[in-house]
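Residues: numbered from 1 along the sequence shown.
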Amino acid sequence: MATLTTKTEIGKDVLRRLADARLAEFAALRNTSPPHHAAALYLAGYAVEALLKCAICQALDLDELPVVFHVHDLDVLAFFSGRHREMQADAGVWASFSNIQTTWSEKRRYTDPPAVSTAQCDSMHEWLNHPVRGVIPWLKARL
């Protein structure tokens, strides 16, 4: 059974680099010709997940993420990061986060590629990266 003291050997710095890598992959897949929207959307959520897990490490003053947080539920991760209420208090960021939660899950890996549109990827890009309402700049500013 996983405990809070069982570490994943995934450190805060690795989680930050993973978030940056997933964002770069999202952009590359979204902008390639032809675009790979389903794969891009799938990877986008992992960028948010990695930053929330980094925030959990920060909140718990740990260098490595405990195994118990090896989950993919963004709302749960936001809660345990200690940023949930602060995020809710910012209407724009909360709307973006809520949209990401509604659109993304780890089950996206089974999405039929033609089922994801350019508009969905464009919306995800906005929710992730908008300089005021974007979840990524908001989280990075707090890490």
Exercise. Which atom pair, heavy atoms only, marks the closest approach of Cys57 to Leu15?
Worked result: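 Nearest pair, atom of Cys57 first, then Leu15: SG-CD1, 4.2 Å.
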Rounded to the nearest 0.5 Å, what's the gap from [atom1] on [X] to [atom2] on [Y]? Could you check?
| X | Y | atom1 | atom2 | result |
| --- | --- | --- | --- | --- |
| His125 | Asn31 | NE2 | CG | 8.0 Å |
| Asp20 | Arg17 | CG | CZ | 9.5 Å |
| Leu128 | Trp104 | CG | CH2 | 11.5 Å |
| Ser96 | Met124 | OG | CE | 10.5 Å |
| Ser81 | Leu139 | OG | CG | 7.0 Å |
| Leu51 | Lys53 | CG | NZ | 11.5 Å |

Contacts under 3.5 angstrom, residues 32-45 side chains, donor-acceptor by atom type, not counting sequence neighbours:
unit_1, atom_1, unit_2, atom_2, d
Tyr42, OH, Tyr46, OH, 3.4

For this session: Considering only NZ, NE, NH1 and NH2 on the basic side and carboxylate oxygens on the acidic side, decide whether Arg133 and Glu126 come within less than 4.0 Å.
Result: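 Judged by the 4.0 Å cut-off on N to carboxylate O distance, Arg133 and Glu126 do form a salt bridge.
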Exercise. Less than 4.0 Å between a side-chain N and a carboxylate O, is that true for Asp90 and Arg85?
Worked result: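 Judged by the 4.0 Å cut-off on N to carboxylate O distance, Arg85 and Asp90 do not form a salt bridge.
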Please output the side-chain donor-acceptor pairs of residues 66-79 that fall under 3.5 Å, not counting sequence neighbours, one pair per line with the distance.
unit_1, atom_1, unit_2, atom_2, d
His72, ND1, Glu49, OE1, 2.9
His72, ND1, Glu49, OE2, 3.2
Asp73, OD1, Asp75, N, 3.0
Asp73, OD1, Val76, N, 3.1
Asp75, OD1, His84, NE2, 2.7

For this session: Give the C-alpha distance, both sets of side-chain angles, the deciding distance and a yes or no for side-chain contact (heavy atoms from CB on, under 4.5 Å) between Phe80 and Leu52.
Result: CA-CA 9 Å; Phe80 284 106; Leu52 288 171; over 6 Å; no
For the backbone of [Y] and the side chain of [X], can you confirm whether one donor and one acceptor N or O come within less than 3.5 Å of each other?
| X | Y | result |
| --- | --- | --- |
| Arg142 | Trp138 | yes |
| Arg30 | Thr118 | no |
| Thr111 | Arg108 | yes |

For this session: Please determine which of Glu86, Met87, His130 meets the side-chain contact (heavy atoms from CB on, under 4.5 Å) test together with Val93.
Result: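 Testing Val93 for a side-chain contact (heavy atoms from CB on, under 4.5 Å) against Glu86, Met87, His130 leaves exactly one candidate, Met87.
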